[in-house]
Amino acid sequence: MTTQFVSAIFETSDGRTLTFNDTATDGTVLTLQSGGANQNIASDVNFGQIGAGLTFVKGVVVGSVAAPVYAYIESQGGKVLQPLPVGLQGQAEMQKLCANIRGQTGMTIKVLTQVAAGTVAGVGLYGPNGADVFTASYSSGNSSAFSSVLTGLPVGQAMAGVRANKAICSIANGFAYTAAGAFPFVTILASEGFTKAAFSPQNGIAGLGVKFQDINCTIQQNDTMNTTGAA
């Protein structure tokens, strides 16, 4: 199985920067812990323990081979508190978090990576009243529906009633959005027959990481989230 290094940096409101570093096995969820070569931080400590009482305002999680499929902060109870910015090593920078978050014991950072030619897309949605993270695998030329990494449910069932205002979508190089039959956006579709929101998948290569995008979407139970590309 392939592996890659995953590193992260987070800035706090009182002027500290906390660093995290580990080796991820592609396709297996990693709980990212503190560390980093020559950094002033204890190694192998979870986010909530080493950041307890600190308010985090900015951050980014990077892979050494490809931008992670997703990264998010998980609560002690196993809920997605908020998705995190991701990027490729050497081509990413810290971004403002969806909202400032105060570290509490039990919080962890979850990360999923893939090879550079991988064909899994990861989406994080955030709103003041809820958040979740989703994945979809491409079937060439066909529409692929996203499902929650925690529950396996489609977006409408996983986030019903949430007013999402931030979206992020990370892909690797195994996607060919220029191919015939592809469409270069992720869309949230209403059961009534219209598109509620759209945002762009990004691989973080031609810029400064995979960026959060502003959306304005109240998710209802029968909504779906799809993307169409050629693997």
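Only this structure's heavy atoms are used, side chains among them; waters, hydrogens and symmetry mates stay out. Residue numbers count from 1 along this sequence.
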Would you indicate whether the side-chain heavy atoms of [Y] and [X] approach each other to under 4.5 Å?
{"X": "Asn226", "Y": "Phe146", "answer": "no"}
{"X": "Leu84", "Y": "Phe56", "answer": "no"}
{"X": "Thr55", "Y": "Ile101", "answer": "no"}
{"X": "Thr12", "Y": "Val57", "answer": "no"}
{"X": "Pro201", "Y": "Val186", "answer": "yes"}
{"X": "Lys211", "Y": "Gln202", "answer": "yes"}
{"X": "Tyr126", "Y": "Ile215", "answer": "no"}
{"X": "Pro128", "Y": "Asn165", "answer": "yes"}

*Considering the options Leu30, Thr31, Val6, Leu32, which one meets the side-chain contact (heavy atoms from CB on, under 4.5 Å) requirement together with Ile109?*
Leu32
*Check Ile50, Asn38, Ile41 against Thr19 for a side-chain contact (heavy atoms from CB on, under 4.5 Å) and give me the one that passes.*
Ile41
_Residue from Asp22, Thr108, Asn46 passing side chain to side chain donor-acceptor pair (under 3.5 Å) with Gln33_ = Asn46
*asked:* Applying side-chain contact (heavy atoms from CB on, under 4.5 Å) to Ser200 and Gln213, what does each step give before you reach the verdict?
replied: CA-CA 8 Å; Ser200 176; Gln213 299 164 63; 3.7 Å; yes
Any donor-acceptor pair under 3.5 Å from [X] side chain to [Y] backbone:
{"X": "Thr195", "Y": "Ala197", "value": "no"}
{"X": "Gln114", "Y": "Val120", "value": "yes"}
{"X": "Glu74", "Y": "Lys110", "value": "no"}
{"X": "Ser148", "Y": "Ala158", "value": "no"}
{"X": "Gln91", "Y": "Gln89", "value": "no"}
{"X": "Asp214", "Y": "Lys166", "value": "no"}
{"X": "Glu11", "Y": "Lys58", "value": "no"}

Out of curiosity, [X] [atom1] to [Y] [atom2], how far, rounded to the nearest 0.5 Å?
{"X": "Gln82", "Y": "Asp132", "atom1": "CD", "atom2": "CG", "result": "13.5 Å"}
{"X": "Ser13", "Y": "Arg102", "atom1": "OG", "atom2": "CZ", "result": "8.0 Å"}
{"X": "Gln220", "Y": "Met159", "atom1": "CD", "atom2": "CE", "result": "12.0 Å"}
{"X": "Ile73", "Y": "Gln104", "atom1": "CD1", "atom2": "CD", "result": "11.0 Å"}
{"X": "Lys196", "Y": "Thr187", "atom1": "NZ", "atom2": "OG1", "result": "12.5 Å"}
{"X": "Ser147", "Y": "Leu153", "atom1": "OG", "atom2": "CG", "result": "8.5 Å"}

_Evaluate Ser7 against Asn21 for side chain to side chain donor-acceptor pair (under 3.5 Å), listing each step before the verdict._
CA-CA 4 Å; Ser7 303; Asn21 191 73; 2.5 Å; yes
_Test side-chain contact (heavy atoms from CB on, under 4.5 Å) applied to Asp14 and Leu54, step by step_ = CA-CA 8 Å; Asp14 64 351; Leu54 299 175; 3.8 Å; yes
I need the minimum non-hydrogen distance between [X] and [Y], along with the two atoms involved.
{"X": "Pro85", "Y": "Ile168", "answer": "CA-CD1, 4.0 Å"}
{"X": "Ile219", "Y": "Val155", "answer": "CG2-O, 3.7 Å"}
{"X": "Pro83", "Y": "Phe212", "answer": "O-CZ, 3.4 Å"}
{"X": "Ala121", "Y": "Val69", "answer": "C-CG1, 4.0 Å"}
{"X": "Val111", "Y": "Ala71", "answer": "CG2-CB, 4.1 Å"}
{"X": "Ser170", "Y": "Pro68", "answer": "OG-O, 2.6 Å"}

Using the rule that Ile, Leu, Val, Met, Phe, Trp and Tyr join whenever any side-chain heavy atoms are under 4.5 Å apart, tell me whether [X] and [Y] fall into a single cluster.
{"X": "Leu18", "Y": "Ile9", "answer": "no"}
{"X": "Leu88", "Y": "Val210", "answer": "no"}
{"X": "Phe5", "Y": "Leu112", "answer": "no"}
{"X": "Val86", "Y": "Phe47", "answer": "yes"}
{"X": "Leu97", "Y": "Val61", "answer": "yes"}

*Between Phe134 and Tyr70, does the ring centroid distance fall short of 6.0 Å?*
no
*Phe20 and Phe10 aromatic ring geometry - parallel, tilted or perpendicular at 30°/60° bounds*: perpendicular
*Got a sec, which residues hit side-chain contact (heavy atoms from CB on, under 4.5 Å) with Asp26, two or more places apart in sequence or on another chain?*
Thr2, Gln4, Thr113, Val115
